[in-house]
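Keep in mind it's a predicted model, so treat the numbers as computed, not measured.
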Amino acid sequence: MFSPADYAFMSYALRLAEKGLYGTAPNPRVGCVITHNEQIIGSGWHERAGQPHAEINALNDAGKAAQGATAYVTLEPCSHYGRTPPCVNALIGAGIAKVIIAMEDPNPIVSGRGKALLKEAGIAVQAGLLEAEARALNLGFVTRMVHKKPWVRLKAATSLDGKTALNNGVSQWITGEAARHDGHRWRARSCAIMTGIGTVKSDNPQLTVRHIETRRQPKKIIVDSKLAIPLDAKLLQGEGEIFIFTANDGNPEKNAALLKMGVRVIVLPSAGSRVDLGKMMTMLADLGMNEVLVEAGCGLNGALVEAGLVNEMIIFLAPHLLGNDAQGMVQLPELTNLGQKKVLRIQDVRMIGQDIRVIARFQ
């Protein structure tokens with residue numbers, strides 16, 4: 001169905017799409033390559049939300065040579081007006097003869113419509129080339145479109161015996177510098193970084209990307225049931241939108257102070273006077289967040305896992321032992337039989353400096 005040249009050109013389009021890893025949210029990461037007689041005549045990728053899509057950049061690169069050419073696109077061309085006009089219209093207007101698509105648009109409202117419009121215009125369309133790779137690049141966008149929730153990664157740095165901090169709260173630094181830099185890459189690709197009030201009080205984190213270049217800082221999300229956050233907390237300073245989810249709406253003075261600092265306080269109480277985590281995730285999806293990185297303590301980590309709201313875990317294992325009295329990674333109810341265990345599937349294991357990084361997904 002697809003030739004070796006087709007695979008090569010779509011692979012290149014996927015590499016172009018990766019260039020948008022840190023900047024396209026809430027849009028997907030998309031690349032496009034235009035060829036004629038198996039020679040590349042134009043290429044482009046979507047660089048940032050609100051700017052031209054990959055197809056437009058590739059068409060501009062190809063110019064008039066796009067007439068009669070083949071376009072390789074990692075995601076079905078858009079067929080609706082958003083911040084920019086539909087890419088389908090541009091491809092048709094440029095005289096493209098064939099479009100090869102990696103994956104269909106996961107948005108159920110428009111899925112398949114781009115393909116249909118291209119075919120109606122007499123353009124040959126094929127889909128499914130390197131679909132799994134295209135999907136992996138946009139797990140968050142797909143999850144938000146299909147399940148109305150972001151893709152949630154829980155990141156933890158632990159000793160070999162699964163401890164994240166000493167009993168007195170000291171945790172800096174369990175892992176080495178290379179692992180910390182890799183952690184900032186995961187921060188940079190995320191729409192938001194989430195933590196709990198316990199971590200804010202014990203570590204006073206900044207929750208910013210510092211070790212690599214990025215066009216924008218992720219949003220900051222704090223789960224704070226009692227709205228106990230100190231107004232001088234580091235993460236309330238600097239760049240990035242800030243959201244505090246709380247179950248307490250009885251502190252108007254603090255609400256006003258936070259609002260003046262540009263913080264958005266959202267009250268979502270559950271039955272147990274805690275934040276309703278499920279509703280929070282739905283709201284984050286409504287706010288256009290594709291990927292959320294959780295960097296929290298064992299309490300919030302456990303609550304998210306127990307609620308089935310974590311898709312993936314990224315664990316950095318340092319070659320140390322901290323002992324039974326140190327703090328654990330995930331606080332869960334006691335299990336009475338092994339059938340109650342949380343089952344994950346290992347996706348990747350590799351050395352990062354002197355530490356081991358394990359990526360695993362919940363089944």
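- Using a 30° and 60° split on the angle between ring planes, Phe9 and Tyr72 fall in the tilted class, from 30° to 60°.
- Heavy atoms only, all atoms of each residue included: Leu317 and Ser159 are closest at CD2-O, 3.6 Å.
- For the atom pair NZ (Lys201) and CG (Asn204), the distance works out to 12.0 Å, reported to the nearest 0.5 Å.
- When side chains are defined from C-beta on, Met281 counts as touching Pro150, because their heavy atoms get closer than 4.5 Å.
- For the pair Met280 and Met194, the minimum side-chain heavy-atom distance is below 4.5 Å.
- Residues Cys87 and Ile56 meet the side-chain proximity criterion, which asks for heavy atoms closer than 4.5 Å.
- Between Leu300 and Thr195, every side-chain heavy-atom pair lies at or beyond the 4.5 Å cut-off.
- The shortest distance between side-chain heavy atoms of Tyr22 and Arg185 falls below 4.5 Å.
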Return all side-chain donor-acceptor pairs below 3.5 angstrom for residues 94-104, not counting sequence neighbours, or 'none' if the list is empty.
from, atom 1, to, atom 2, distance (Å)
Lys98, NZ, Gln126, OE1, 3.0
Glu104, OE1, Ser111, OG, 3.4
Glu104, OE2, Lys115, NZ, 2.6

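- A donor-acceptor pair under 3.5 Å is absent between the side-chain atoms of Gln363 and the main chain of Arg345, judged by distance alone.
- Shown here are the salt bridge (charged side-chain N to carboxylate O under 4.0 Å, His left out) partners of Lys155, two or more places apart in sequence or in another chain: Glu295.
- In this structure, the side chain of His320 engages the main chain of Ile174 through a donor-acceptor pair within 3.5 Å.
- Hydrophobic cluster membership for Ile193: Ile197, Val200, Leu207, Ile222, Leu227, Ile229, Leu231, Leu235, Leu236, Ile242, Ile244, Leu258, Met261, Val263, Val265 (Ile, Leu, Val, Met, Phe, Trp, Tyr linked by side-chain heavy atoms under 4.5 Å, directly or transitively).
- Residues Phe245 and Leu284 are in side-chain contact: their nearest non-hydrogen atoms beyond the backbone lie under 4.5 Å apart.
- Under a cutoff of 6.0 Å and an axis angle of 45°, Arg153 and Trp186 do not form a cation-pi pair.
- Around atom CZ of Arg216, more than 12 heavy atoms belonging to other residues, nucleotides or ligands sit under 6.0 Å away.
- In terms of the side-chain hydrogen bond (donor to acceptor under 3.5 Å, both in side chains) criterion, Arg113 has no residue partners (sequence neighbours excluded).
- From Thr74, atom OG1 reaches atom CD of Glu55 across 8.0 Å, with rounding to the nearest 0.5 Å.
- Closest of all the heavy-atom pairs between Asn27 and Asn290 is O-ND2, 3.8 Å.
- None of Arg144, Arg187, Arg29 except one satisfies the salt bridge (charged side-chain N to carboxylate O under 4.0 Å, His left out) rule with Glu291; the exception is Arg29.
- Cluster partners of Val110 are Ile109, counting Ile, Leu, Val, Met, Phe, Trp and Tyr whose side-chain heavy atoms approach within less than 4.5 Å, directly or via other members.
- By the 4.5 Å heavy-atom criterion applied to side chains, Gln327 and Cys298 are not counted as neighbours.
- A heavy-atom distance below 4.5 Å is found between the side chains of Leu118 and Ile92.
- By the 6.0 Å contact criterion, CD on Glu177 is open, its count of non-hydrogen atoms from other residues, nucleotides or ligands being 12 or less.
- At most 12 heavy atoms of other shown residues, nucleotides or ligands fall within 6.0 angstrom of atom OH in Tyr12.
- Residue Gln340 qualifies as enclosed at atom CD: its count of foreign heavy atoms under 6.0 Å is above 12.
- Within a 6.0 Å sphere centred on CG of Asn324, other residues, nucleotides and ligands contribute 12 heavy atoms or fewer.
- Using a 4.5 Å cut-off between side-chain heavy atoms of Ile, Leu, Val, Met, Phe, Trp and Tyr, Trp151 falls into a hydrophobic cluster with Leu139.
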